[in-house]
Amino acid sequence: MKEFDYSQVKHYKLYGFVKNSLGWLVKVVYRLDIKGLENVPTDKRKFIVAINHTCALDPVFVACSKKVPPLHFMAKVELFKNPVVAWFITHMYGFPVKRGKGDTSAIEYGEKILEEGHVMAICPEGKRIKDKDGVPQRAKAGVAVIAHATGADVLPVAICCDGKIKPFKKVTVSYGKVLTNEELGLSKEELEPHEIKDAANKVMDSITELWEAERK
């Protein structure tokens, strides 16, 4: 597997081409119902998009609206073992993370993305949830660690479907209100581990509330 270049945030034309030419197809095939786009920041603030992890297409569902800026998203390192797949994911602004191993390279790259004025997307749960109903699970610390290091706010997004996500089943994408760095308790210079954990849980709680609202 070719090593990912974490040294700089590169720019690719493929992302815009795919979004502009195929975004409509994703909306049709998955019958996307997109809500809360007015909550997507339009100013220059740093923010992280946090999504519950239901399937491999989560970043696509969240990014396909024209009102959402390009998203640089974390993807499990196993996806980068195939050189063709790795090339495609990389040119779609994906970058690898070694799950459960305290991958500092991925964390630092995420910080670099935000510091350079781009938007990062992350699934706080750290792995795809196999529950057939997609019930959101507990968050890992990563989203809070990066938000604290960069001063970024967090935009919670919930993906909801009645059962397993499949083509031609309705998928709802709900964007919640931004959680500011201060609201998450991350604005202090030094934090205790439990404060990082509490912040990550607040993000996941917000996503879960959005998800539950669609399940009623």
Side-chain angles (χ1 to χ4, degrees), residues 1-19 40-51 53 56 58-60 62-63 68-81 83 85-127 139-157 175 178-191 193 195-197 199-200 202-204 207:
M1 183 181 78
K2 181 180 179 181
E3 288 294 321
F4 184 85
D5 182 9
Y6 292 102
S7 66
Q8 60 179 318
V9 180
K10 297 180 180 179
H11 303 279
Y12 302 106
K13 295 181 179 180
L14 182 65
Y15 185 99
F17 173 78
V18 171
K19 179 172 180 174
V40 178
T42 56
D43 53 18
K44 297 296 182 180
R45 75 172 73 190
K46 299 175 187 174
F47 71 97
I48 299 167
V49 175
I51 317 161
H53 203 355
D58 294 333
V60 177
V62 175
V68 178
L71 301 180
H72 296 251
F73 63 95
M74 278 188 174
K76 62 182 181 180
V77 69
E78 290 82 1
L79 294 175
F80 291 78
K81 291 183 178 180
V85 174
W87 180 91
F88 182 77
I89 294 176
T90 299
H91 283 72
M92 291 298 292
Y93 293 143
F95 62 99
V97 60
K98 297 176 182 177
R99 298 177 299 177
K101 297 183 179 181
D103 191 347
T104 56
S105 294
I107 294 293
E108 290 171 359
Y109 187 74
E111 294 172 6
K112 188 178 300 184
I113 288 168
L114 292 162
E115 294 294 353
E116 292 188 12
H118 308 295
V119 180
M120 177 187 159
I122 186 172
C123 296
E125 295 149 304
K127 61 181 180 180
K140 303 293 184 182
V143 62
V145 170
I146 297 173
H148 176 239
T150 59
D153 299 332
V154 179
L155 176 67
V157 183
Y175 300 79
V178 169
L179 301 170
T180 67
N181 206 260
E182 291 75 16
E183 289 172 333
L184 291 171
L186 297 173
S187 57
K188 294 189 300 182
E189 187 172 341
E190 297 293 334
L191 292 177
E195 293 176 299
I196 291 290
K197 183 178 180 181
K202 285 180 182 178
V203 171
M204 207 64 225
I207 294 172

For Phe47, which residues count as a ring-ring contact (aromatic ring centres under 6.0 Å, His included) partner, sequence neighbours excluded? none

Give me the one residue out of Ile89, Ile122, Val119 that meets side-chain contact (heavy atoms from CB on, under 4.5 Å) with Phe73. Ile89

Tell me whether the count of non-hydrogen atoms from other residues, nucleotides or ligands lying under 6.0 Å of OH in Tyr12 goes above 12. yes

Which atom names give the shortest non-hydrogen contact between Leu114 and Ala152, and what distance separates them? CD1-CB, 4.1 Å

Rounded to the nearest 0.5 Å, what separation is found between the NE2 atom of His72 and the CE atom of Met92? 11.0 Å

Nearest-0.5 Å distance that lies between atom CG in Leu14 and atom NZ in Lys19: 13.5 Å

Do the side chain of Asp58 and the main chain of Ile51 share a donor and acceptor less than 3.5 angstrom apart? no

State which residues pass ring-ring contact (aromatic ring centres under 6.0 Å, His included) with Phe95; sequence neighbours excluded, sorted by chain then number. Tyr109

Worked check of side chain to side chain contact (heavy atoms under 4.5 Å, CB included) between Lys112 and Glu108: CA-CA 6 Å; Lys112 188 178 300 184; Glu108 290 171 359; over 6 Å; no

Note, Pro41 side chain near Leu155 side chain (heavy atom, < 4.5 Å): yes

With the side chain counted from C-beta on, respond yes when Glu195 and Lys188 share a heavy-atom pair under 4.5 Å apart, and no when they do not. yes

Looking at Thr150, is its backbone amide N or carbonyl O close enough to the side chain of Glu111 to form a donor-acceptor pair, meaning the two atoms are under 3.5 Å apart? no

Any side-chain heavy atom of Val68 within less than 4.5 Å of one from Tyr175? yes

To the nearest 0.5 Å, how far apart are OG in Ser105 and NZ in Lys98? 7.5 Å

Shortest non-hydrogen contact from Leu186 toward Ala144: CD1-O, 3.9 Å

Please round to the nearest 0.5 Å and tell me the distance separating atom NZ of Lys140 and atom SG of Cys123. 13.0 Å

Checking His91 side chain against Ala86 main chain: does a donor-acceptor pair fall under 3.5 Å? no

Note: Asp153-Lys46 ion pair, threshold 4.0 Å (strictly below): no

Charged N-O contact under 4.0 Å between Glu183 and Lys202: no

From Met120 atom CE to Ile146 atom CD1, the distance as rounded to the nearest 0.5 Å: 3.5 Å

How about Phe4 and Tyr6: are their ring centroids closer than 6.0 Å? yes

Check the pair Met204 / Val143 against side chain to side chain contact (heavy atoms under 4.5 Å, CB included), numbers first and verdict last. CA-CA 10 Å; Met204 207 64 225; Val143 62; over 6 Å; no

Just do the side chain to side chain contact (heavy atoms under 4.5 Å, CB included) check on Ile113 and Tyr93 with the steps written out, would you? CA-CA 10 Å; Ile113 288 168; Tyr93 293 143; over 6 Å; no

Starting at CZ of Phe88, measure out to CG of Leu79 and round the result to the nearest 0.5 Å. 12.0 Å

Give the minimum heavy-atom separation between Ala50 and Pro124, together with the two atoms involved. CB-CG, 3.8 Å

Taking every heavy atom of Asn181 against every heavy atom of Ala147, the minimum-distance pair comes out as ND2-O, 3.0 Å

Short side-chain to backbone donor-acceptor contact, Lys76 and Lys127, under 3.5 Å: no

His11-His118 aromatic ring centre distance below 6.0 Å: yes

Side-chain contact, heavy-atom cut-off 4.5 Å: Ile107 with Val145? yes

Between Val157 and Ile207, is a side chain to side chain contact (heavy atoms under 4.5 Å, CB included) present by the stated rule, with each step listed? CA-CA 6 Å; Val157 183; Ile207 294 172; over 6 Å; no

